[in-house]
Structure formats: C-alpha cells, structure tokens
Amino acid sequence: QVQLVESGGGLVQAGGSLRLSCAASERTFSLYGLGWFRQAPGKEREFVATISWRGDTTYYADSVKGRFTISRDNAKNTLYLQMNSLKPEDTAVYYCAGRDGLRASTVDKEYHYWGQGAQVTVSS
C-alpha cells in the first residue's frame, strides 16, 4: 500500500506563491501516474493537475493553467505543485494522488492512492 504525505501548505496573501510537496513511501512511485486535486468548503473535489510517470505529459485545469506547475522527482519519490499568483478562490485542501498506471489522468476515480491533504488558504 502506497502512502502519500503532503507538505508545504499554509496561509499566503493573494498574488503570493506556495510549493506543495508529496512524498511517497514506495520506490515503485516512479511507475505511477500522479495528480493533484483540491476541495474547497462546500464544494466537490476537483482536478488541478496531473503528470505521467516520466514527467513528459502534464495536464492542468483551466483555472490554474499558467499559474501552477506540476513536477516530479522520481529519484526522491516526490511530487510537487508550484503555485504562483495565488487567488482567494484557490483556497482549498489540496490532495496528491497516485494511480496504478503510467499515464496522467484528470479523473479522480482512476486514482488508487490518496494523501491526507494540505490546507492552502489565500487571503485577499
């Protein structure tokens, strides 16, 4: 069972930046497609970004395109989400997720492993 642990959340002013990290317990991490999702209070969980096992394919939600960057370091078993130009509407709990497949995926039901979540709060 893969364990994923997020870190790097916090409180930031609008226009600021944060970098989330997600550390995995398994060396087979490099064989997983990975993603970031988020859930704001009172809203459904939504897709943010995804990356393939080699990092050569990425997809982003329209709401974060051009501001967020997903990346991975397979040697360190770590996934990242660099978030720039943050807006109050980015406030949410952010979850990293892994799937038993090499491809990137925007569909949360295709993911098998989830982290516990990291709170990101953007003040106006």
Side-chain angles (χ1 to χ4, degrees):
Q1 180 78 11
V2 176
Q3 292 186 334
L4 302 173
V5 179
E6 298 98 338
S7 60
L11 173 64
V12 65
Q13 287 188 330
S17 298
L18 281 175
R19 187 175 81 157
L20 299 180
S21 299
C22 175
S25 61
E26 295 275 333
R27 283 180 293 178
T28 51
F29 169 91
S30 62
L31 300 179
Y32 298 143
L34 301 170
W36 288 98
F37 293 79
R38 67 186 182 186
Q39 187 166 21
K43 294 188 176 181
E44 296 288 318
R45 184 170 60 193
E46 64 174 1
F47 163 74
V48 176
T50 181
I51 189 167
S52 61
W53 70 289
R54 289 190 299 188
D56 54 351
T57 301
T58 58
Y59 300 110
Y60 296 90
D62 288 343
S63 59
V64 306
K65 203 171 294 182
R67 300 186 297 121
F68 290 12
T69 302
I70 188 172
S71 61
R72 64 190 297 167
D73 186 337
N74 288 340
K76 295 182 178 180
N77 289 354
T78 304
L79 173 71
Y80 302 100
L81 184 68
Q82 178 67 44
M83 304 183 291
N84 299 328
S85 302
L86 282 160
K87 303 175 181 180
E89 51 264 44
D90 295 318
T91 295
V93 176
Y94 283 71
Y95 297 92
C96 70
R99 58 187 303 270
D100 288 331
L102 302 178
R103 295 181 298 107
S105 173
T106 65
V107 180
D108 60 354
K109 290 182 174 55
E110 294 187 357
Y111 286 84
H112 306 92
Y113 313 107
W114 292 85
Q116 83 288 352
Q119 176 69 48
V120 171
T121 303
V122 184
S123 64
S124 57

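As the structure is a computational prediction, the values presented were derived from the model and not from experiment. Values reported hereafter were calculated over all heavy atoms of this structure, with side chains retained and with hydrogens, waters and symmetry mates removed. All residue numbers in this chain count up from 1 along the given sequence.
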**Request:** Keeping the roles fixed (side chain from Ser25, backbone from Val2), state whether a donor-acceptor pair exists under 3.5 Å.
**Result:** no
N/O donor-acceptor pairs under 3.5 Å from side chains in residues 12-19, not counting sequence neighbours:
from  : atom 1 : to    : atom 2 : distance (Å)
Ser17 : OG     : Asn84 : OD1    : 2.9

**Closest non-hydrogen atom pair between Thr91 and Ala40, with its separation** = O-CB, 3.6 Å
**Item:** Closest heavy-atom pair and its distance - Gly9, Val120
**Value:** CA-CG2, 4.2 Å
**Prompt:** Say you draw a straight line from CD of Gln3 to CZ of Phe29; how long is it, rounded to the nearest 0.5 Å?
**Reply:** 14.0 Å
**Message:** Measuring from atom SG of Cys96 to atom CG of Leu4, what distance do you get when rounded to the nearest 0.5 angstrom?
**Reply:** 4.5 Å
**Message:** Tell me which pairs pass salt bridge (Lys or Arg N to Asp or Glu O under 4.0 Å) where either residue lies in residues 91-107, with sequence neighbours left out.
**Reply:** Arg99-Glu110
**Message:** Could you work out, with side chain to side chain contact (heavy atoms under 4.5 Å, CB included) as the rule, every residue matching Thr69, not counting sequence neighbours?
**Reply:** Tyr60, Gln82
**Request:** Look at the aromatic rings of Tyr111 and Phe37 and report parallel, tilted or perpendicular, splitting at 30° and 60°.
**Result:** perpendicular
**Prompt:** Nearest heavy-atom pair of Gly117 and Val93: which atoms, and what distance?
**Reply:** CA-CG1, 3.8 Å
**Asked** Looking at CG of Leu81 and CH2 of Trp36, how far apart are the two atoms once the value is rounded to the nearest 0.5 Å?
**Response** 6.0 Å
**Item:** Among Gln119, Gln39, Arg38, side-chain hydrogen bond (donor to acceptor under 3.5 Å, both in side chains) partner for Tyr94
**Value:** Arg38
**Item:** Non-neighbouring partners of Asp56 that pass side chain to side chain contact (heavy atoms under 4.5 Å, CB included), sequence neighbours left out
**Value:** Ser52, Arg54
**Prompt:** What's the spacing between Ser63 OG and Phe47 CZ if we round to 0.5 Å?
**Reply:** 9.5 Å
**Asked** Between OG1 of Thr121 and CG of Asp90, what distance do you get to the nearest 0.5 Å?
**Response** 11.0 Å
**Message:** Is there a side-chain contact between Met83 and Arg67 in this structure, where contact means two heavy atoms from C-beta onward sitting under 4.5 Å apart?
**Reply:** no
**Asked** Residues in side chain to side chain contact (heavy atoms under 4.5 Å, CB included) with Ser7, at least two apart?
**Response** Ser21
**Side-chain heavy atoms of Phe68 within contact of Ile70, under 4.5 Å** = no
**Message:** Any salt bridge linking Asp62 with Lys65? Criterion: basic side-chain nitrogen under 4.0 Å from a carboxylate oxygen.
**Reply:** yes
**Prompt:** So, the side chain of Gln116 versus the backbone of Val5: is there a donor-acceptor pair under 3.5 Å, distance only?
**Reply:** no
**Prompt:** Under the 3.5 angstrom rule, does the side chain of Thr50 hit a backbone N or O of Leu34 as a donor-acceptor pair?
**Reply:** yes
**Fill in**
The ring-ring contact (aromatic ring centres under 6.0 Å, His included) partners of Tyr32 (sequence neighbours excluded) come to Tyr113
**Complete:** The reported gap from CZ in Arg72 to SG in Cys22 (rounded to nearest 0.5 angstrom) is 10.0 Å
**Message:** If hydrophobic clusters are built from ILVMFWY residues whose side chains come within less than 4.5 Å, do Tyr95 and Tyr80 share one?
**Reply:** no
